Amino acid sequence: AQARQLDPGAFSDQIGRSARVSLTTHPAGVEVTLHRHLNRAGYRVLGEGRIVGRTPLTLSEMRPGPYILSLRLPQGHTLTASLGLAPGEERAFEWALPQRAVAGFEFVMGAGGAVGADGPMAARTGAAPLKRFETGGFFLSVNPVSVTEFADFLRDGFDAEPDLTRYAPMGASPSQYDRLPVVGISVDQVEAYLVWRSRRDGRRYRLPTAAEWEFAGRSAAGDPYPWGELADPRNCGHVGAGSEEESVPLLDHVRADQSVFGTAHHSGTVREWTEGGTAVCGGSWSKPFSEAHLCVRAAAPKTGSAPDLGF
């Protein structure tokens, strides 16, 4: 209605067209709470939530834009989905939801968000071509793997007393290893760790694809940073943040560097390996803030590892 008041022409008719979403889940009977995902002075915030029913359900007359859906399962835990709806769009989703939460991980699902970039931004950041992204869901660890977690892998059949200074940020104290991301590892070492941990935990682990990693940070809102569009270097740990992160990237110093799904350290702390070992995503504490944009993708280092590269 507001668009028509400002511009009664065909363009306002297009942008004012409502969207429609049909949602089916397995299991059925999941309670859905709907929030607008609003931009407030450069930060994404959840609008007031309203319970819209239990699945299966259809949501009509939805304004275009990004939404957050909170899905409460009968088992008691809640999952988050992020949707970006275009004017007049009609979508039907069928999601198989995990029955149990996994400690240290968040479930990422949604559709309609932009990943990649185009134009000068793509040329500057090495981003993939701009496209919409959709996923039925995957688990992503809240934090990068710590030095302590990687040490457990090394000690189990590789080295009873590993030299962990090779895998810790330079200048770090051993007393901080459980609070620091492992760095300086090759993608082959990462894959070996994932095989070991899959065997230990009885579930399959893998690296996220670059698109999955990016969507987890940007959500369907498609913002350049996990917190929104405001380019504020104080929101993540990196050079110039004016804090302890300038010397060591602490995992428990999240700041605002956390996605709507609950995953952290996308724009700062450490760059991360992604599936296939050809693309490195994210910013790091040792890089300038200009590399904190979530579409930034770097080629794998020629040396096979880097002192600010983890997973």
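Model, not experiment: these values are computed from the prediction.
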* Asked: Rounded to the nearest 0.5 Å, what separation is found between the OG atom of Ser70 and the CG atom of Leu79?
  -> 9.5 Å
* Structure fact -> Taking every heavy atom of Ala111 against every heavy atom of Glu134, the minimum-distance pair comes out as CB-CG, 3.5 Å
Check: residues 36-47 side-chain donor-acceptor pairs under 3.5 Å, at least two apart:
residue: Asn39; atom: OD1; partner: Gly42; partner atom: N; Å: 3.0
residue: Asn39; atom: ND2; partner: Glu229; partner atom: OE2; Å: 3.1
residue: Tyr43; atom: OH; partner: Asn235; partner atom: ND2; Å: 3.0
residue: Arg44; atom: NE; partner: Asp223; partner atom: OD2; Å: 2.6
residue: Arg44; atom: NH1; partner: His37; partner atom: O; Å: 2.7
residue: Arg44; atom: NH2; partner: Asp223; partner atom: OD1; Å: 3.4

* Quick one: pull up CD in Glu48 and CG in Leu34 and give me the separation to the nearest 0.5 Å. => 11.5 Å
* **Pairwise distance OG1(Thr80) to CE(Met109) - rounded to 0.5 angstrom** => 7.5 Å
* Asked: Pro249 versus Ser284: any side-chain heavy-atom pair under 4.5 Å?
  -> no
* **Spacing of Thr24 atom OG1 and Trp95 atom CH2 [to the nearest 0.5 Å]** => 10.5 Å
* Under 4.5 Å between any side-chain heavy atoms of Arg155 and Pro162, yes or no? -> yes
* With sequence neighbours excluded, tell me which residues meet salt bridge (Lys or Arg N to Asp or Glu O under 4.0 Å) with Asp163. => none
* Asked: Should Val30 and Leu57 be regarded as members of a common hydrophobic cluster, given that ILVMFWY residues are connected when their side-chain heavy atoms come within less than 4.5 Å of each other, either directly or indirectly?
  -> yes
* **Worked verdict on Val182 versus Glu149 for side chain to side chain contact (heavy atoms under 4.5 Å, CB included)** => CA-CA 8 Å; Val182 64; Glu149 289 173 316; over 6 Å; no
* Trace of the side chain to side chain donor-acceptor pair (under 3.5 Å) decision for Thr148 with Ser146 -> CA-CA 5 Å; Thr148 298; Ser146 71; 4.7 Å; no
* Asked: Quick one: side chain to side chain contact (heavy atoms under 4.5 Å, CB included) partners of Ala298, sequence neighbours excluded?
  -> Arg271, Val280
* To do: May I ask you to decide if Ala292's main-chain N or O and Ser267's side chain share a donor-acceptor pair within less than 3.5 Å?
  => yes
* Sorted by first residue and then second, give each ring pair (Phe, Tyr, Trp, His ring centres under 6.0 Å) pair with at least one member in residues 193-213; sequence neighbours left out. => Phe105-Tyr205, Phe150-Tyr193, Phe153-Tyr193, Phe153-Trp196, Tyr193-Trp196, Tyr193-Phe311, Trp213-His266
* Hey, what do you get for OG (Ser198) to CZ (Arg203), rounding to the nearest 0.5 Å? -> 9.5 Å
* Any donor-acceptor N or O pair under 3.5 Å, side chains Ser60, Arg20 -> yes
* Mark yes or no for whether Ser82, through its side chain, and Gly110, through its backbone, hold a donor-acceptor pair below 3.5 Å. => no
* Structure fact -> Residues passing the salt bridge (Lys or Arg N to Asp or Glu O under 4.0 Å) test with Asp156, sequence neighbours excluded, are none
* Do His265 and Val270 have side-chain heavy atoms sitting under 4.5 Å apart? -> no
* Does some side-chain heavy atom of Val108 sit less than 4.5 Å from a side-chain heavy atom of Glu212? -> no
* Checking Trp273 side chain against Ile185 main chain: does a donor-acceptor pair fall under 3.5 Å? -> yes
* Check step by step if side chain to side chain contact (heavy atoms under 4.5 Å, CB included) holds for Leu154 and Tyr167. => CA-CA 11 Å; Leu154 294 174; Tyr167 305 108; 3.6 Å; yes
* Heavy atoms only: give me the nearest Pro226-Ser259 pair and the separation to one decimal. => CB-N, 4.0 Å
* To do: Group every Ile, Leu, Val, Met, Phe, Trp and Tyr by side-chain heavy-atom contacts under 4.5 Å, then state whether Val142 and Phe139 land in the same group.
  => no
* Got a sec: does the CZ of Arg206 have more than 12 other heavy atoms crowding it under 6.0 Å? -> yes
* Under a 4.5 Å cut-off applied to non-hydrogen side-chain atoms, are Pro181 and Asn143 in contact? -> no
* Asked: Considering residues at least two apart in sequence or located in another chain, which fulfil the salt bridge (Lys or Arg N to Asp or Glu O under 4.0 Å) criterion with Arg132?
  -> Glu89
* Does anything in residues 47-73 pair up under ring pair (Phe, Tyr, Trp, His ring centres under 6.0 Å), and if so which pairs, sequence neighbours excluded? -> none
* Quick one: does Leu207's side chain get under 4.5 Å of Leu194's, heavy atoms only? -> yes
* Ser175: what forms a side-chain hydrogen bond (donor to acceptor under 3.5 Å, both in side chains) with it, not counting sequence neighbours? -> Ser173
* To do: Quick one: do Val190 and Val145 satisfy side chain to side chain contact (heavy atoms under 4.5 Å, CB included)? Show the steps, please.
  => CA-CA 10 Å; Val190 171; Val145 171; over 6 Å; no
* Are the aromatic ring centres of Phe289 and Tyr225 under 6.0 angstrom apart? -> yes
* Asked: So which pairs with a foot in residues 26-35 pass side-chain hydrogen bond (donor to acceptor under 3.5 Å, both in side chains), sequence neighbours left out?
  -> His26-Glu94
* Indicate, with yes or no, if Val115 and Leu140 share a hydrophobic cluster defined by side-chain heavy-atom contacts under 4.5 Å among Ile, Leu, Val, Met, Phe, Trp and Tyr. => yes
* Asked: Hey, any chance Val32 and Phe107 share a hydrophobic cluster, counting ILVMFWY side chains that come within less than 4.5 Å of each other, even indirectly?
  -> yes
* For Ser305 and Ser186, does a side-chain donor sit closer than 3.5 Å to a side-chain acceptor? -> no
* Return the set of residues passing side chain to side chain contact (heavy atoms under 4.5 Å, CB included) with Arg124 (not counting sequence neighbours), or none when no residue passes. => Met121, Ser290
* Hey, does Met62 have a side-chain heavy atom less than 4.5 Å from the side chain of Leu83? -> no
* Exam field: side chain Arg218 to backbone Gly116, donor-acceptor pair closer than 3.5 Å -> yes
* To do: Keeping to residues at least two apart or across chains, list the salt bridge (Lys or Arg N to Asp or Glu O under 4.0 Å) pairs with something in residues 291-304.
  => Glu214-Arg297
* **Distance, nearest 0.5 Å, that separates OG of Ser219 from CD1 of Ile68** => 5.5 Å
* Asked: For the side chain of Thr55 and the backbone of Gly29, is there at least one donor-acceptor N/O pair under 3.5 Å apart?
  -> yes
* Which pairs with one or both residues in residues 97-122 pass side-chain hydrogen bond (donor to acceptor under 3.5 Å, both in side chains), sequence neighbours excluded? -> Gln75-Gln99
* Test side chain to side chain contact (heavy atoms under 4.5 Å, CB included) on Leu69 and Leu23 and set out the steps. => CA-CA 11 Å; Leu69 279 63; Leu23 179 59; 3.9 Å; yes
* Asked: Are Phe133 and Val260 grouped together when hydrophobic residues (ILVMFWY) are joined by side-chain heavy atoms under 4.5 angstrom apart?
  -> yes
* To do: Flag the pair Leu180 / Leu250 as yes when at least one side-chain heavy-atom distance between them is below 4.5 Å, and no otherwise.
  => yes
* Asked: What's the shortest heavy-atom distance between Ala114 and Leu130, and which atoms?
  -> CB-CD1, 3.9 Å
* Decide, yes or no, whether a salt bridge links Asp257 with Arg255 under the criterion of side-chain N to carboxylate O below 4.0 Å. => no
